[in-house]
Amino acid sequence: MWLVAIFVLVSFLVVENALTKRPVALRVVNILVVVGIAAAVTALRRIAADERLRRLTTGFEEKIRQHTVLLEESQRMARIGSFQWDARTHTNTWTDELFRIHAMEPAPLAPAQGYRDLIHPDDFDEVHDLLARTSETLEPYDDDYRIVLPSGEQRWIHAHGEPLTDADGTFIGLQGTCQDVTERKHFELALAASEERFRALVQSAPDAVIVVDAHGVISLINDQATTLLGYESSELVGRSVDMLLPDEMRGVHIEHRSDYMRELKRRTMASGHDLFVLHRDGSSVSVDISLSPVKTPDGPLVVASIRDVTVRRHAEETMREAYEHEREIAENLRQLDASKTTFLQAVSHELRTPLTAISGISSLLEADLLVPGDGRYEDMVRRLVANANRLGGLLDDLLDLDRLGRGIIEARRRPVDVSALIVNTVAQIDVRDHPIELEGHGVIANVDSAHTERIVENLVVNAVKHTPPGTPIWVRSAGRDDGAEIVVEDGGPGILPEIKETLFEPFVKDTRGHVPGTGIGLSLVYRLTEVHGGNVWVEDRPGGGASFHVYLPNASTMRPVSADAA
């Protein structure tokens with residue numbers, strides 16, 4: 001620098017001498033004064049700069065010290081220590097907190113001091129392989145492992161490391177942090193052990209078990225459940241439990257699940273209702289489900305214990321059916337008993353009347369109180385024959401009803417003029433003073449003539465018996481393409497509503513006016529019509545009275561028509 005100054009000074013003197021021609025000594029003095037002044041100014045400036053640099057350096061050092069104190073305090077509170085390892089010199093640099101974590105006094109670490117003695121023997125190979133892999137891949141690492149303190153105590157640390165490289169990208173070391181996570185690790189291990197015990201308990205449960213979270217997502221399922229449902233565990237874990245419910249139950253189940261999560265308690269699901277879950281093949285499995293809540297750090301879980309009750313419910317249904325069948329049998333027996341009582345009452349009355357007449361007349365004949373030529377003789381004989389015929393007809397009706405009920409009697413079909421058959425049958429009936437009108441002619445049907453006569457006879461006798469004297473009766477026949485229809489109507493009081501449904505059952509009678517009879521006439525009509533494969537029904541006659549309709553098809557295999565279709 002001084003050489004440059006002298007060179008500049010000499011150059012200035014040469015030029016100035018050439019221009020001014022002043023004495024050299026004077027010029028030298030002037031120049032020296034100027035140079036002195038410049039040197040003094042420069043020195044002062046350097047002193048000021050040095051002072052500013054000193055103050056700035058002192059400020060930086062104070063800030064660095066403060067930051068260092070803050071970092072050390074933060075590391076102490078967080079139990080985190082920092083390290084740096086130079087792979088070229090094999091030296092380690094630790095912060096004070098890292099020494100404290102290892103229960104060591106802060107001191108320089110020897111280059112040859114290894115890490116083997118600090119790491120738990122069971123974890124050393126894993127840590128060694130991790131560091132070797134990091135030096136090759138240059139990727140950061142995170143790992144949990146155990147360390148052994150000088151006292152023999154074991155602690156867990158979480159280590160994070162970042163690889164260091166030179167300008168060429170060559171690995172030259174590591175820097176990172178180590179945090180004491182012993183408490184957290186112990187909690188995690190205890191939680192894992194608890195979860196493992198919980199899983200073991202779930203797996204050992206005799207019933208199928210599904211564990212779901214608050215949102216209904218399946219988190220655990222045992223082998224019994226996969227067997228029951230036909231799924232693999234991987235197909236269910238992580239999916240909504242709603243997939244296992246029939247479509248009609250899903251919407252309601254979502255609402256019930258929300259209500260249950262607001263008030264967790266152990267209970268039976270949908271108590272009193274039949275529950276079903278879906279098998280993987282789409283079939284329904286009848287089940288009972290019990291719910292038990294479990295509180296966990298991640299929120300409540302619900303343990304659903306599921307039991308296949310298909311066999312039990314089938315047995316219950318069988319028992320219910322058997323019970324209903326027994327009830328039906330009991331009801332039939334009750335009705336049979338009532339029918340027997342009614343039958344005995346009716347038959348005893350019907351039998352007693354003609355038997356009393358026969359007995360009385362026979363006594364008169366036996367005592368010779370009635371002799372031919374006596375005015376009463378012929379009348380008594382007619383009454384004797386009529387009551388004997390009445391008794392025989394009653395016995396025939398009872399026997400026919402029994403044979404029809406057992407399916408012994410069959411229809412012997414042949415072409416019959418139904419209209420003519422009705423005329424002949426009505427002519428033989430004692431209709432007393434009831435006017436009868438006959439309608440229809442030329443109606444031909446393939447039917448059993450004897451059965452058809454019995455049908456017409458019973459319907460007309462029924463009309464005569466249950467209507468006041470003088471009540472008109474109408475009997476008509478009509479042909480159909482597939483058979484014939486017979487209608488018997490009267491202008492009487494009609495049929496009681498309460499007996500319309502049971503009118504054709506045995507021993508059912510209209511009790512108005514204490515009309516005598518067994519109540520089996522209409523039952524015979526029903527049975528004889530049934531043998532033909534036909535149908536019989538009763539309607540209210542327009543203008544009052546009853547209207548009985550009988551449909552007899554030409555072929556017994558034809559389906560009977562209903563009252564509405566007739």
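Scope of the values below: all heavy atoms of this structure, side chains included, with no hydrogens, waters or symmetry mates.
- Within the 4.5 Å cutoff, the side chain of E457 has heavy atoms near those of the I429 side chain.
- Note that CG of L236 is 6.5 Å distant from CG of L229, once rounded to the nearest 0.5 Å.
- If you take CE on M243 and CZ on R280, they are separated by 8.5 Å, rounding to the nearest 0.5 Å.
- Within the 3.5 Å criterion, the main-chain N or O of V211 finds a donor-acceptor partner in the side chain of S219.
- Looking at heavy atoms from C-beta onward, S477 lies out of side-chain contact with E439 at the 4.5 angstrom threshold.
- Heavy atoms only, all atoms of each residue included: T452 and L552 are closest at OG1-CD1, 3.9 Å.
- R480 places no side-chain N or O within donor-acceptor distance of the main-chain N or O of G483, the cut-off being under 3.5 Å.
- A salt bridge does not link K465 to D490: none of the charged nitrogens lies less than 4.0 Å from a carboxylate oxygen.
- Shortest non-hydrogen contact noted between R412 and D448 is N-OD2, 2.7 Å.
- Closest approach of I221 to Q203, counting heavy atoms only: O-NE2, 3.7 Å.
- Side chains of V416 and N446 form no contact here, defined as non-hydrogen atoms less than 4.5 Å apart.
- Between H532 and H451, the ring-plane angle classifies as perpendicular under the 30° and 60° cut-offs.
- Between Y526 and F504 the shortest heavy-atom distance is CB-CB, 3.8 Å.
- In terms of modelled atom types and a separation under 3.5 Å, the side chain of T425 and the main chain of I422 share no donor-acceptor contact.
- What you find for G534 and P553 is that their closest heavy atoms are CA-CD, 3.5 Å.
- No donor-acceptor pair under 3.5 Å is formed between the side chain of R307 and the backbone N or O of V287.
- Nearest heavy atoms, P415 versus I444: CB-CG2, 4.5 Å.
- Using a 4.5 Å heavy-atom cutoff, the side chains of V475 and V460 are in contact.
- Judged by distance alone, the side chain of N462 and the main-chain N or O of N458 form no donor-acceptor pair under 3.5 Å.
- Side-chain contact between E437 and P472 is absent, with no heavy-atom pair separated by less than 4.5 Å.
- F548 places a side-chain heavy atom less than 4.5 Å from the side chain of L503.
- At distances below 3.5 Å, at least one donor-acceptor pair connects side-chain atoms of Q224 with backbone N or O atoms of A205.
- Contact of the I455 side chain with the E453 side chain is not registered, since no non-hydrogen atoms from C-beta on lie closer than 4.5 Å.
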